[in-house]
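Read the structure below first, then the notes.
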There are 2 protein chains.
Amino acid sequence: MAQQTEAVRRTPLTRDRVLRAAVALADDIGIEALSMRKLAKELGVVPMALYKHVSNKEQLLDGMVDVVMGEIDPPAPGSNWKSTVRHRILSARRAFLGHPWAAQVIQSRSSPTPVVLAYMDSVIGMFRTGGFSVDLTHHVMHALGSRMMGITQELFDAPPAPRAQTAPSQEDAGEYPYVMELAGAVAHDEDSVLGRGCDDQFEFEFALDLLLDGFERLRQQGWSSAGHLRGKTP
Amino acid sequence: MAQQTEAVRRTPLTRDRVLRAAVALADDIGIEALSMRKLAKELGVVPMALYKHVSNKEQLLDGMVDVVMGEIDPPAPGSNWKSTVRHRILSARRAFLGHPWAAQVIQSRSSPTPVVLAYMDSVIGMFRTGGFSVDLTHHVMHALGSRMMGITQELFDAPPAPRAQTAPSQEDAGEYPYVMELAGAVAHDEDSVLGRGCDDQFEFEFALDLLLDGFERLRQQGWSSAGHLRGKTP
DNA sequence: GCCCTAGGTGTACGCCGTACACCATTCTCT
DNA sequence: AGAGAATGGTGTACGGCGTACACCTAGGGC
């Protein structure tokens, strides 16, 4: 038997192969449908074989996030902190947009992997070398929150979704007048500046720039949290 | 038999009782440990009994969110849009802080319940009556994102968590210099303006005010998305 | 030839959500 | 008053999940 056994034993399965297969499978079937058993089947292997490469499903998810983070461009050096940070964040956004499950997964992790930590370190570094104090940098990082990774966390993309329960749209229009007004304006925006409904990329950059501009103002005026005692006892 | 059967049949189990019990149980044991079976046991009932009141677990989660939203104060009328919005959002935050699982759950819902929609409607209304155009209100709501509900979505509260793998803290300090600098500053902040580590409430209000101030500036200068064509073909 | 180890296997357990058939009580209509 | 339907709790069962544990097998170093 020159050809060993059947046709299997093609490549001996590594942690990296497991993670990449998991990412691809999650891209295909969605993160909630991803299971150790399906992943094993995809790799032509018995479920328990995976446990020789990742210690459990949590660590699998951590590893999957790391794979996605690996797709972020390296930091492009630049003279100006704002454009440097902006580019890095938009690059992260690009990576996460390619794997819609990843945003949800990274938010569910309880502690960052070294890869995530390295990314955060690079962003913090951009603020520090851009002239932000440690104090201001700290608050600014909090203010960015998950947006630092290009993650928007809108609530609900589609507003109501045809909930077949109460009366049809006529009553709805009366119940949520402002929502309807806004939804209406966004809907027939064909001839407006943003084509087709709602441009997620525009919304992201709008919010990001609003924050970055705010940061710049605070930096320029030498803001410090010491100037903002909010009536706390000392 | 004056007392019926045993001692049971205390209250006949309603949708409301189910939801409230679910909220309490999730508060106790965490959302990931909440199961239909445990909830049933908590209510002294067989698991399938729940399905007479909620059609499935998804709808249970929707209902739980609605219970939490019910704890938000009614909108306090006020002359000034910023303080009105601010109070409403901070009130929502208070409600969500009481149920740490709720932020995660609401972000996982695919479409808003009527209760959530009503809340969003009230916030949109505050911007509109405060002098914001439909256009600007739209973008402003996106920029708030989940912060509109008082939800921060920081990534990771505790930075590294003693990952017992590579060498101890000495190497870490070299690998993530900016993270360490920032963590150090936050840690021994006992005598600084923010006591004990990191004041989540302060961070939330810092970011919220940064956004609200930015909104106000745009409103005053009559901002419109038409003035910000980002090099798109018309 | 020997043993060690890395990596794949098979079985099994306890948990999960929920479909479906059943039954007990209570309410309504005649 | 009695029939019938509706309401709501029960019991059983199924398929899927993560993973502990014992096992086997192929390859490498001595």
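Throughout, a chain's letter reflects where its sequence line sits, starting with A, and its residues are numbered from 1.
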Nearest-nucleotide pick for [X], side chain only, options being [options]:
| X | options | value |
| --- | --- | --- |
| B:Lys52 | D:dA13, C:dG8, D:dT10 | D:dT10 |
| A:Val46 | D:dG9, C:dT18, C:dT9 | C:dT9 |
| A:Ala49 | D:dG18, C:dT9, C:dT18 | C:dT9 |
| A:Val45 | D:dT19, D:dT10, C:dG8 | C:dG8 |

Roughly how many Å is it from [atom1] in [X] to [atom2] in [N], rounded to a whole number?
| X | N | atom1 | atom2 | result |
| --- | --- | --- | --- | --- |
| A:Ile29 | D:dG16 | CD1 | C1' | 13 Å |
| A:Arg17 | C:dG8 | CZ | C1' | 13 Å |
| A:Leu60 | D:dC17 | CG | C1' | 14 Å |
| B:Leu39 | C:dC16 | CG | P | 11 Å |
| A:Lys41 | D:dC17 | NZ | C1' | 13 Å |
| B:Tyr51 | D:dG8 | OH | P | 18 Å |
| A:Leu50 | C:dT9 | CG | C1' | 12 Å |
| B:Leu61 | C:dT18 | CG | C1' | 15 Å |

| message | To the nearest 0.5 Å, what is the distance between CE on A:Met64 and NZ on A:Lys57? | response |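 Reported to 0.5 Å precision, the distance equals 8.5 Å.
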
| Spatial distance of atom OH (B:Tyr178) from atom CE (A:Met120) [nearest 0.5 Å] | 15.0 Å

| request: Answer yes if the ring centres of B:Phe202 and A:His139 are under 6.0 angstrom apart, and no otherwise. | output: yes

| task | Check the side chains of B:Thr113 and B:Asp62 for a donor-acceptor pair under 3.5 angstrom, ignoring hydrogens and angles. | result |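 B:Thr113 and B:Asp62 do not have a side-chain donor-acceptor pair below 3.5 Å.
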
| request: Assess the side chains of B:Thr152 and B:Arg147: does a donor N or O sit below 3.5 Å from an acceptor N or O? | output: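 No - no donor-acceptor pair under 3.5 Å links their side chains.
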
| task | Establish whether the base of D:dG18 is bridged to the side chain of A:Arg37 by a donor-acceptor pair shorter than 3.5 Å. | result |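 Flag set: donor-acceptor pair detected.
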
| query | According to a strict under-4.0 Å criterion, is B:Lys38 in side-chain N/O contact with OP1 or OP2 of C:dC16? | reply | yes

| task | Taking only the side-chain nitrogens and oxygens of B:His53, find out if one of them lies under 4.0 Å from OP1 or OP2 of D:dT7. | result |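 No, outside the criterion.
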
| query | Which part of the nucleic acid, if any, lies within contact of B:Met48, taking any heavy atom under 4.0 Å across all strands shown: a base, the sugar-phosphate backbone alone, or nothing? | reply | base

